[in-house]
Amino acid sequence: MGSHLYGTSVAAVQSVAAAGRVCLLDVDVQGVQAIRAQEELDPLCIWIAPPSLGALRSRLQARGTEDATEVERRLSRATDEIEFALSARCFEYSVVNTEVEAAYDELKAIVLRVLGDA
């Protein structure tokens, strides 16, 4: 779905964990699939969703960093990723990013709760 190829090695993730730290990765749905395919990893995957495609469109346009063609390309990709997130069952949690501070608080609470259970 994404057009860029890059990544973090399994060894790098394991090195962070071995140091007693949490490795946080910001990946697209292809990255989630790749991480899930690694038997030696036990990831916690959290989907950060836009409140709606209309809200996402407004946010992208308000930034003014992409032209109309790029906004449409990103919306098309977002549609594909939302469909994947809803159907693939790869995410333990979902956070709807209606307001950034509230979404951050919810994300932080999930991570702290999971770490507390670890």
Side-chain angles (χ1 to χ4, degrees):
M1 289 184 190
S3 59
H4 303 287
L5 299 176
Y6 49 88
T8 303
S9 69
V10 170
V13 172
Q14 290 172 325
S15 175
V16 170
R21 304 197 60 147
V22 174
C23 185
L24 179 65
L25 301 174
D26 177 9
V27 299
D28 62 12
V29 294
Q30 287 176 321
V32 170
Q33 289 174 307
I35 290 166
R36 290 271 183 213
Q38 300 299 316
E39 291 182 14
E40 58 270 39
L41 298 178
D42 184 24
L44 168 68
C45 297
I46 304 170
W47 171 251
I48 309 296
S52 68
L53 287 175
L56 180 58
R57 177 187 301 278
S58 295
R59 290 174 182 179
L60 292 171
Q61 290 171 333
R63 287 181 191 164
T65 56
E66 289 99 2
D67 63 25
T69 301
E70 180 64 11
V71 167
E72 292 307 316
R73 186 194 70 75
R74 290 190 60 185
L75 287 170
S76 175
R77 181 172 167 206
T79 300
D80 292 343
E81 289 189 349
I82 290 166
E83 289 174 9
F84 172 85
L86 293 173
S87 65
R89 307 252 187 251
C90 285
F91 298 94
E92 286 83 10
Y93 298 92
S94 292
V95 174
V96 178
N97 185 10
T98 303
E99 194 277 318
V100 71
E101 289 299 322
Y104 170 77
D105 289 343
E106 185 178 352
L107 177 62
K108 182 178 176 182
I110 292 167
V111 172
L112 290 175
R113 183 173 56 249
V114 169
L115 288 176
D117 292 342

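Quick note: numbers below take in every heavy atom, side chains included, and nothing from hydrogens, waters or symmetry partners. These numbers were taken from a predicted model, which means no experiment stands behind them.
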Minimum heavy-atom distance [X]-[Y], with the two atoms named:
X     : Y      : value
Ile46 : Phe91  : C-CD2, 3.6 Å
Cys45 : Cys90  : CB-O, 3.4 Å
Tyr93 : Val114 : OH-CG2, 3.9 Å
Ala55 : Ser52  : N-OG, 2.9 Å

[X]: side-chain hydrogen bond (donor to acceptor under 3.5 Å, both in side chains) partners, not counting sequence neighbours:
X     : value
Glu72 : Arg57
Glu92 : Arg36
Glu70 : Arg73

Under the salt bridge (Lys or Arg N to Asp or Glu O under 4.0 Å) test, residues paired with Arg74 that sit two or more places apart: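 Partners of Arg74 under the salt bridge (Lys or Arg N to Asp or Glu O under 4.0 Å) test: Glu66.
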Pair Asp67-Val71, side chain to side chain contact (heavy atoms under 4.5 Å, CB included): steps then yes or no: CA-CA 6 Å; Asp67 63 25; Val71 167; over 6 Å; no
Test side chain to side chain contact (heavy atoms under 4.5 Å, CB included) applied to [X] - qualifying residues, sequence neighbours left out:
X     : result
Ser94 : Trp47
Asp42 : none
Val22 : Leu115
Glu39 : none

Side-chain heavy atoms nearer than 4.5 Å, only ILVMFWY residues, links allowed to pass through others: does that put Leu41 and Val27 together?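 Both belong to a single hydrophobic cluster.
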Going hydrophobic residue to hydrophobic residue with side-chain gaps under 4.5 angstrom, can you get from Val111 over to Val16?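 Each belongs to a different hydrophobic cluster.
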Report yes if the side chains of Leu53 and Ile82 come closer than 4.5 Å at any heavy-atom pair, otherwise no.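 Yes, at least one pair of side-chain atoms sits under 4.5 Å.
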Give a yes or no on whether Leu24 atom CG has more than 12 heavy-atom contacts from other residues, nucleotides or ligands under 6.0 Å away.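 It does not: Leu24 CG has 12 such atoms or fewer within range.
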Can you run down the ring pair (Phe, Tyr, Trp, His ring centres under 6.0 Å) pairs that involve [range], sequence neighbours left out, and say none if there aren't any?
range          : result
residues 16-38 : none
residues 49-80 : none
residues 62-82 : none

Keeping Ser15 on the side-chain end and Ala11 on the backbone end, is there a donor-acceptor pair under 3.5 Å?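 No, Ser15 side chain to Ala11 backbone: no donor-acceptor pair under 3.5 Å.
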Can you give the donor-acceptor pairs under 3.5 Å from side chains of residues 98-107 to other protein atoms, not counting sequence neighbours?
from, atom 1, to, atom 2, distance (Å)
Glu99, OE1, Glu101, N, 3.3
Glu99, OE1, Ala102, N, 2.9
Glu99, OE2, Glu101, N, 3.3

Walk me through whether Leu25 and Val13 qualify under side chain to side chain contact (heavy atoms under 4.5 Å, CB included). CA-CA 9 Å; Leu25 301 174; Val13 172; 4.2 Å; yes
